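Report on one structure; see the data block that follows.
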Amino acid sequence: MSEILRVENLKKYFPVQKSFIEVFFSKELEFIRAVDDVSFSVEEGEILSLVGESGCGKTTVGRMLVGLEEPTSGKIIFKNKDLTSLEGEERRAMHRHLQIIFQDPYASLNPKMKIGDHLIDPLLIHGLASNSEAKEIAMEMLERVGLVPADQFFNRLPYQLSGGQRQRVAIARAMVLKPEFVVADEPVSMIDVSLRAAILNLLLSFKDEYRLSMLFITHDLSVARLVGDRIAVMYLGKIVEIGDVDEVVQEPKHPYTAALLSAVPSFEKKDLRIDIKGDVANPRNPPPGCRYHPRCPFAKKECKEVEPELTGDRHRVACHFPLEIKID
Amino acid sequence: MMVAESLASNNKVLKIRNLSTHYFSRRGVLKAVDRVSMDLRKQEFIGIVGESGCGKSTLAFSIMRLIQPPGKIVEGEILFNGKDLLKLKDEEMRRVRGKEIGMVFQDPMTSLDPLEKIGDQIVETIQMHEDVDKKEALEKAMKLLESVGLPGDRVNYYPHQLSGGQRQRVMIALAIALNPTLLIADEPTTALDVIVQEKIMEILEKMKREGRSIILITHDFSLAAEKSDRILIMYAGWIVEMGDSMKLVAEPLHPYTKGLIESVPDIWLARKIKTMPGFPPDLINPPPGCKFHPRCPKAKEICKREEPPLIEVNGRLVKCWLYE
Amino acid sequence: MAEKPKANVEVKNLATRIFKPIIPEAEGRNMVIAGLIIVITILLMAVLADVIAPYNPTKFAGKPLSPPSLQNPMGTDNLGRDILSRVIFGSRIVLVVVFSAAMVSMSIGVPIGLISGYFGGKLDRAISMVMDSMYAFPSLILAIAIAAVLGPSVVNAVVAISVVYVPTYFRMVRGQTLSLKSRLFVEAARAAGAGNTRIMSKYIFPNLVTTAIVVFSLSIADAILTEAGLSFLGFIVTAPTPDWGFDLSSGRPYLPSGYWWMITFPGFMVMLLALGFALIGEGLSEVYAPGRER
């Protein structure tokens, strides 16, 4: 396998909106450290699940990959080219291979644009097809994602479609450019339960067919395990654990991963109780040392002072005192 | 309905018989809840599971008699501790709400007044029903917050100063302020992360241990399976299956229940998921016969023509022709 | 007696049938239909003035200052001209002025608002400041000031009125663009590689159209009153050209003597036409209320 995407020391700091009085009394600009030094890589044909709670920065990572957000620092190396150093036409050409599927299928389609045009437009933008060819490709893609009869769906407007159908359109729009890498940002969390499986299986079918690589962003560990080859767990802007899905899920080393796992509802409840204290800290001033230490039941003195590095070979964890448990 | 009756015994907190709630729109009549019967025992934790639009929230709002036009409860009985809620005067019903039945909604922000301190809102609720002075009520409010795992000094906070999970705790505190015997939680954790969800569920379980009956309405089958004693599966306004949670998950009877379980990714059951064909029906023009038949892998001729009866199988109830 | 209501019902049904395909079924539709009936009737009146007006509006048609009668249904003015005919012909100038003015202000205000809102930054702040300071003036006073500088004529009135309403379009379109440009579907287009021009023309502009139509109707309703005011002050037409606002001012001196009909009918028409457009605008804004994705 060869690596298709590598992210190195990626950071995104958002300046904090301040009131007049705050600006007056403090000179320093404050930042929300949404993503704070994140590194990972994705192999060709691999799905990396990125999990974490809301506000942990996982969506911001995805948005940076597809160019919707400029990194504060760090590199995004896609097919041996650093996307952050590219500009203009070259950048646009590279981004054709990097597409995104958003969470909200109700907001991600243009309410005044026909379904078919949503698929044609990307092809025309990149000059990949003439009008009539584009229409043909769009029809094929509609059929491919299960919107049949395609000619009927082609002329409809988004409001005439259900949430599940809209998400199929969003997938079709991303796939029509034949990308090599797709960021899927919570693609099923707003879809009806009984329709989720269909959407997930559809995405997985593209992986097999095109050898597609994917960053699958989700808060749902069950989904993350199902679709992912590997899994990365984020907490307060940092990756705290990353490794092969089964290893991370069955032998979690980070107390946060274990706490998440013990809270996931399941038909087969495991006897796993890892406590977690309080609430997530404010990303404006993350705690010193390990960011998780105020909530960690195992925290020791070192955790409050020294920030742990992500260490390990294939299963990497950022913890001074990694757990040694096995769940089966 | 006879079967449901036969299962009935004493210590029933809630008995719903043949309840129908319809919405009247320009396009036609939408049967959100269609002749539903169910029971809830004292200190029982029941999970109502279904997809959006299956009528589970309408059922909850019907119990509270909070259905707004164009919706209307068109028939049935809701017997709560022996009295029919549908026959009460508005004034009497208002006393039932809060005092006897508490409700927690999906979005706590819309149910909390953003301009009023948490404490004042709880005090107001207490004083509306109980004759206590402000100081006493405030003390009670602090105790309530502590009972849902929040520090008592949060009475001085405004809703926006709390996180989503904390707000939902406040909502539970409000719902139990008057010590109701029944607590209905309508998708209380849908907007929250798993860890917070777990904490909220712990509170609900504690409420149950304290003697209350709990109705948890959720689209998350595994959550209901894990937390509730009994599960009710709703589809297109019908209860299609109900019974003991463990048994229902281990051996689902209704094809919809089975399909749902097989289509949900599960963290510990490392297995492929199966796609359920089709999509939920249009409730204004539902399919004839069994409303699930167009999606059902086991549909027979009769399913397309006649509504299936509610049948008792191994102590469970299932609305399906397969078991006739 | 019993015939009349029935006819009304039929008219209403007919109207519903005609407009149903155009206007989605929603609250506010009846307002739109009522407004359209008023406006279309007055439009027809203006177009067919030569056919339906009983007299030449600038010629003697009866005893001066005679009250409404069978010969002169709205009476005659101080020069013996038929008021009904003047009211019918008078609709022409006001309609021409307000329509042209609204078109001009729309075609200036919409693109500026779109560009300003989309790109933001210093340019946006500068344009917004100019527009806001214009908007702060009462529309009639601003129009008078401009018309006074340019001199009285129909064309100048159009210019004056269009300038007045540019900020209205600008503000609405800019605000909408601000919210649209951060919507997910615009981000999706950007992720698919769409450039600024394409995003503005294919993704943002189509979503502004309904707003522009609403603003168009409401600003016309307001412009009618402004036009009447300008005309009343003599900034648009000179005698003997019939125009409602102008006729109001010629009739005003006779009101104290009890000749009420000289100002009542043109005044009523001004009000009715403004009401018609206001109904359309308000109705449409309800039909296309946010949340309804049509």
Side-chain angles (χ1 to χ4, degrees), chain A residues 51-56 146 161-165 188-202 204-205 218-228 245-246 249-250 256 259-270 272-280 282 295 327-328, chain B residues 49-54 149 151 162-166 189-202 218-227 235 245-246 248-250 252 256 259-280 282 292 295:
Chain A
V51 300
E53 296 177 274
S54 47
C56 73
L161 270 60
S162 70
Q165 292 170 331
V188 294
S189 67
M190 292 184 73
I191 308 289
D192 263 343
V193 188
S194 74
L195 306 177
R196 283 183 191 175
I199 299 287
L200 289 173
N201 285 336
L202 177 66
L204 290 174
S205 74
T218 178
H219 69 279
D220 186 338
L221 274 150
S222 307
V223 176
R225 180 174 197 189
L226 176 83
V227 300
V245 157
D246 290 342
V249 169
Q250 285 169 331
Y256 177 66
L260 273 179
L261 285 166
S262 76
V264 178
S266 163
F267 290 122
E268 201 183 282
K269 186 63 177 170
K270 298 280 176 185
L272 172 73
R273 293 215 70 87
I274 303 287
D275 202 24
I276 185 165
K277 297 183 278 188
D279 281 311
V280 185
N282 190 335
R295 306 185 69 190
I327 310 158
D328 26 38
Chain B
V49 177
E51 299 172 69
S52 51
C54 74
L162 303 176
S163 70
Q166 291 172 329
T189 56
T190 302
L192 305 175
D193 285 309
V194 275
I195 287 172
V196 188
Q197 164 168 289
E198 184 64 17
K199 307 249 162 176
I200 299 287
M201 288 300 143
E202 277 167 18
T218 179
H219 66 274
D220 189 338
F221 201 155
S222 21
L223 182 69
E226 207 175 276
K227 307 298 173 194
Y235 186 80
S245 302
M246 306 275 273
L248 190 139
V249 171
Y256 176 65
L260 211 51
I261 292 176
E262 286 173 346
S263 69
V264 180
D266 191 288
I267 185 84
W268 301 121
L269 305 170
R271 52 150 162 72
K272 294 244 184 275
I273 47 170
K274 286 189 190 156
T275 297
M276 194 188 290
F279 38 84
D282 172 10
F292 184 64
R295 303 178 76 182

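Each chain gets a letter, A, B and so on, in the order its sequence line appears, and its residues count up from 1. Predicted model only: the values in this text are computed from it and were never measured.
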Looking only at non-hydrogen atoms, find the nearest pair between [X] and [Y] and report the distance.
X	Y	result
A/Leu195	B/Gly278	CD2-O, 3.4 Å
B/Ser263	A/Ala197	O-CB, 3.5 Å
B/Pro265	A/Ser222	O-CB, 3.5 Å
B/Ala225	A/Phe267	CB-CD2, 3.8 Å
A/Asp192	B/Glu51	CB-OE1, 3.6 Å

Measure distances from [X] to the heavy atoms of chain B and classify the residue's part below 4.5 Å as side chain, backbone, both or neither.
X	answer
A/Leu226	side chain
A/Leu204	neither
A/Leu200	side chain

Where on [X] is there a heavy atom nearer than 4.5 Å to chain A: the side chain, the backbone, both, or neither?
X	value
B/Leu223	both
B/Pro277	neither
B/Leu192	neither
B/Arg295	side chain
B/Ile195	both
B/Ser163	side chain

Please indicate whether B/Phe279 has more than 12 foreign heavy atoms, meaning atoms of other residues, nucleotides or ligands, lying under 6.0 Å from its CZ.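 Check fails, neighbour count at 12 or below.
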
Using a cut-off of under 4.5 Å on heavy-atom pairs, state which of B/Lys272, B/Lys199, B/Gln197 scores highest against chain A.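 Winner by heavy-atom pair count: B/Lys199.
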
Counting heavy-atom pairs under 4.5 Å with chain A, which one of B/Val264, B/Ile261, B/Val196 comes out on top?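 The residue among B/Val264, B/Ile261, B/Val196 with the greatest pair count is B/Ile261.
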
Nearest-0.5 Å distance, [atom1] of residue [X] to [atom2] of residue [Y]:
X	Y	atom1	atom2	value
A/Ser162	B/Asp282	OG	CG	12.0 Å
A/Ser262	B/Ile267	OG	CD1	11.0 Å
A/Arg225	B/Asp266	CZ	CG	9.0 Å

A/Val193 versus B/Phe221: any side-chain heavy-atom pair under 4.5 Å?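 Of all side-chain heavy-atom pairs linking B/Phe221 with A/Val193, none is under 4.5 Å.
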
With side chains defined as the heavy atoms from C-beta onward, is the minimum distance between A/Val264 and B/Trp268 less than 4.5 Å?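 Answer no - side chains too far apart.
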
What residues, two or more places apart in sequence or in another chain, satisfy salt bridge (charged side-chain N to carboxylate O under 4.0 Å, His left out) together with B/Glu262?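 Once residues adjacent in sequence are excluded, the partners of B/Glu262 under the salt bridge (charged side-chain N to carboxylate O under 4.0 Å, His left out) criterion are B/Lys258, B/Lys274.
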
Check: A/Glu53 main-chain N/O paired with B/Asp193 side-chain donor or acceptor under 3.5 Å: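 Checked: no pair found.
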
